[in-house]
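This structure is a prediction, so every number in the text was calculated from the model and none was measured. The sequence lines fix the lettering, A, B, ..., with proteins before strands; numbering per chain opens at 1.
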Number of protein chains: 2
Amino acid sequence: MEKIPAKTVSVTVADVAHAAGVSKATAARVLGGYGTVSDKVREAVKRAAQALDYRPNELARSMTTGRSGTIGVVVGDIENPFFGSAVRGITDVARLAGFNVILANSGESLAAEKAAVKTLIAKQVDGLIISPAKDSEIEHLREAERSGRPLALLDRAVARLDVDTVTTDDFEAAQAITRLLIGQGHRRIAYLTACDTPDHCFSQLSDIYTSSVRLRIEAFIGACRDAAIPDAARWVRVGAVNPQAIRAIVTELFNAATPPTAIIASDSLIGLEVFKAVREMGIALPGDLSLISFHDADWTAVTSPPVTVVQQPVYQLGETVATLLIGRLKGETGPARTVVLPTRLIERASVGKARLVATAI
Amino acid sequence: MEKIPAKTVSVTVADVAHAAGVSKATAARVLGGYGTVSDKVREAVKRAAQALDYRPNELARSMTTGRSGTIGVVVGDIENPFFGSAVRGITDVARLAGFNVILANSGESLAAEKAAVKTLIAKQVDGLIISPAKDSEIEHLREAERSGRPLALLDRAVARLDVDTVTTDDFEAAQAITRLLIGQGHRRIAYLTACDTPDHCFSQLSDIYTSSVRLRIEAFIGACRDAAIPDAARWVRVGAVNPQAIRAIVTELFNAATPPTAIIASDSLIGLEVFKAVREMGIALPGDLSLISFHDADWTAVTSPPVTVVQQPVYQLGETVATLLIGRLKGETGPARTVVLPTRLIERASVGKARLVATAI
DNA sequence: ATGAAAGCGCTAACAG
DNA sequence: CTGTTAGCGCTTTCAT
C-alpha cells in the first residue's frame, strides 16, 4: 500500500506529523501556532514541514474556526478613482490587521449588488463593506446582518440600517459650494448626478436613493431657497452615468432659452466630461460658465483653468470604514457608529462672477 | 435533546434534509444543483431551504471539490488608474465565468508580493494573476506553479517563467515615440520611470527588473542610437516613485547645464507630476519642452496643451489575462501563451520642435 | 506536553 | 432516483 503522492495532492498536517513522528494534533499545534509544544518537538515538526514543502490550507482552518480572515467589499466601480482610493485604504488597513479582501463590483446595479452579497456570505467572509447602490431596497443588507456578519457602509448611509457608517460631509460641502456660486451672482445653477430615477427626471428628494447625493441636492436646493432662488429643483439633472448621457445633458442645458451660468458635478467623472463638453462647445470657463466638481481627482489641478473642487478624504474614508469593521470583528460591541469626515473646498479658477446673459430678459 | 439554534449557528444541508424528510445527499443534490432528483422532492427541499433561510457554505464545498471559485490578483497599486482599469477588466470577466477575485496590493514591494502569493495559495485560490514587481526573484511565482495553480502574468513578462502572459507592445511604443521626438529635432530626451535600481541610477538594461520598462528603455536607447544620439542611457532616470522623487528629478534635470528638450514619462502618475512641475517652473509646453506619457489617463486630454500619450488597452489587458487564466482553469492545456496587445499613439499638442538652447554651445 | 477522536458542512462514490 | 458511507484538512475537546 505505497502512497504515491501525485503532484496535485497536497501535503497535510497528517503527512508532516507522520514524517516528524508525532501525532496529528501536535503537528497541527506547531503548524497552526497555538497550544503548547516542547521546543524539540516544535523543531522537528518545522523541519518536517520544510522538507515536505507543507503549505497550510486556510479553507480547512476556516471551516473549523468559523473565521475566514476575509472581508468582502462591494463598490460601484473600481475603475472610478474615488473607489480606487477608498479600496486602497480598505486593503491597507485590512492587511495590517491580517485580513484579505474579496472585491466585487456592483456597477451600481442593485441586482449585481445582491448577487455579490449572497456570494460573499456564502464564501464566509467575516464582514462586509458596502457602498450600497440604493437605500430603498436593503433586504439583502439585512440578510448580511442576519447571517451574523458585521456590515459597514462606505460613503452612503442607510437610515433604516443600524450599522457602522462612514461618509463625508456631503450636506455641508454642497451648501458651501452653492453659496460660493450664489455669492458670485449665479442664480441658474445646474446640478448633475449619476444617480438616476425611474423617469430620468428629478422631481423630489425622495426619488434619490443614494444618501450622499440626496443630502447634496437637499443642501443645494436649500441654499438656493435661502437666496431667494425659487425652484432650484428644476436645475437638477439625474442619470449622468456615462459620457454620452453627460454630453446629452450638457447639450440640452445649453440649448435651452436660459442656460445655466454654473454647473455642479456630483463626481469627478461627470466633472471631466462636462469640462470636455463645454470646451468643445466653445463655452469659456469661468467667463461663460462656472464649474465645481466633487472629488479632487488628479486632473482637476492641471486643466486650464484648474477646477474648483470639494476635496474628499477618500483614502481615509476607506481606512476608517475598515477600521470600524475590523473593530467589530475583534469583538467591539455597542451601538452603530456614524463617522462623518469633513471635506475641504479647494478654490481654483473655474469659478467666476455670473455674467448677465442677453437671452435672460 | 432539543436543538436550539443560536443565531450564530447556521442551517446546513442536514437541517434542510431533515425538514424536508429526505436524506442529506438528496438535499445536497438539489441545493448544490448536481445529480438528479425528482421534481417533487426538489420542490420540497427548496421549500424547506427557503423556510429555514438556508445559506450555502462555499468553504465546505470548496473543501470537498478542491475548487474555490476564486482568483487571486496581485497588483502594484489599485489606486493607480492603470491597475484600476485592469482589475475592472479582470473582475468583469471573472464574474461572468463564475469566479470571484481576491485582491492584494504589493505596493511594488517584493516582500509584500511574496506574502500575498503565500496567503492566496493558502486560501486555495484556483489561479493567480500577478503583475510581478521584479522579474529577478521569482521563486514565489514558481512556488505558485508548483502548488498546481495556474499563474498568468499581467503587463510584465518574466522570461524564465513559462506561463500565460499578456502585455502591451512596449518596445514598439517606446520606439515610436522616441522616433517622433527625434523627428522633431530632439536630441536630449529624458526617460523617467518608477522602476528603481539599488543605487537609484541607471547604468545598464539588466538593472531594470520590470520587463515592460526594460523593453521601453531598450527601444528608447536603440532609437536614439539609430539617430546617432550616443549614450542616451545617461538620460534615463529611475526611482520616480512618488511626487517628491519626481520633483527632484525634474529639478535636477533642469538645473543641469544642458537640460532635456523632451521628457518621456513611463506612466501617467509620472506624466502628471512632470506636467505640474514644469508648469510651476515656468517651462512652456511644447515651446521649451515636449512631453509624452505612457497610459492615456483621463487628465491627459484636458490639459493645456493636452498631452501626447501612448494609449494602452488596459481594460482589455485585464480581460485578456483573466480569459487566459480561466481557460486554464477550465482545463485548457498546451504551451504558455503570450499575448502582446498593440498600443496606439495619440498625438496631441505637448510635442513640438526642439528649440536650440543657448546654453548648449 | 502530547495523543485520540470527533466534527466543521459539504460532495462523491457506491449501493440499492 | 435516493440513501449510506466516507472523507476533504484542520482545530478542538478530552484524556493521558
Side-chain angles (χ1 to χ4, degrees), chain A residues 3 5-6 8-46 48-49 52-69 121-126 147-148, chain B residues 3 5-6 8-46 48-49 52-69 121-126 147-148:
Chain A
K3 206 173 147 193
T8 56
V9 170
S10 50
V11 352
T12 72
V13 285
D15 300 325
V16 175
H18 185 85
V22 298
S23 77
K24 222 174 62 170
T26 301
R29 278 190 261 260
V30 4
L31 262 17
Y34 56 91
T36 48
V37 193
S38 71
D39 285 354
K40 50 180 61 170
V41 171
R42 164 168 293 107
E43 285 315 309
V45 171
K46 284 194 168 174
L52 294 178
D53 191 26
Y54 168 77
R55 273 186 292 267
N57 182 334
E58 275 292 340
L59 251 42
R61 179 174 310 194
S62 301
M63 279 285 324
T64 54
T65 61
R67 281 165 289 109
S68 66
I121 292 176
K123 288 229 182 269
Q124 310 295 109
V125 295
D126 292 337
S147 79
Chain B
K3 207 172 144 194
T8 56
V9 169
S10 51
V11 351
T12 72
V13 285
D15 300 325
V16 175
H18 185 87
V22 298
S23 78
K24 221 175 62 171
T26 301
R29 278 190 261 259
V30 4
L31 262 18
Y34 58 92
T36 47
V37 193
S38 72
D39 284 355
K40 50 181 61 172
V41 171
R42 164 169 292 107
E43 285 315 309
V45 171
K46 284 194 168 173
L52 294 178
D53 193 25
Y54 168 78
R55 273 186 291 266
N57 182 333
E58 275 292 340
L59 252 42
R61 179 174 308 189
S62 301
M63 278 286 331
T64 55
T65 61
R67 282 165 288 110
S68 66
I121 292 176
K123 288 226 182 274
Q124 309 295 110
V125 294
D126 293 338
S147 79

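What you find for B/Asp53 and B/Val11 is that their closest heavy atoms are O-CG1, 4.1 Å.
Of the possible donor and acceptor atoms, one in the side chain of A/Asp126 sits under 3.5 Å from a partner among the backbone N and O of A/Gly69. A distance-only check finds no donor-acceptor pair linking the side chain of B/Ser68 to the backbone of B/Ser62 [under 3.5 Å].
Taking OH from A/Tyr54 and CG from A/Leu31, the interatomic distance works out to 4.5 Å, rounded to the nearest 0.5 Å. Here OG1 of B/Thr12 is found 9.5 Å from CG of B/Leu52. Values are rounded to the nearest 0.5 Å. Distance CG/A/Leu59 to NZ/B/Lys123: 8.0 Å, rounded to 0.5 Å.
When heavy atoms are screened at a 4.0 angstrom cut-off, A/Thr36 is found touching base atoms of the nucleic acid.
Protein chain A touches strand DNA chain D; the 5'-most and 3'-most nucleotides with an atom under 4.0 angstrom of its non-hydrogen atoms are D/dG9 to D/dT12.
B/Thr65 is linked by a side chain to side chain donor-acceptor pair (under 3.5 Å) to nothing, counting only residues two or more places apart in sequence or in another chain.
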Exercise for the section: Summarise how protein sits on nucleotides 6-16 of chain C as a single string, 5' to 3': B when a protein heavy atom is under 4.0 Å from the base, S for sugar-phosphate-only contact, - for no contact. Expected result: -BBBBBBB---

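Phosphate proximity of C/dT2 to A/Ser23: absent, as no side-chain N or O sits under 4.0 Å from OP1 or OP2.
Salt bridge status for B/Arg61 with B/Glu58: present, with a side-chain N to carboxylate O gap under 4.0 Å.
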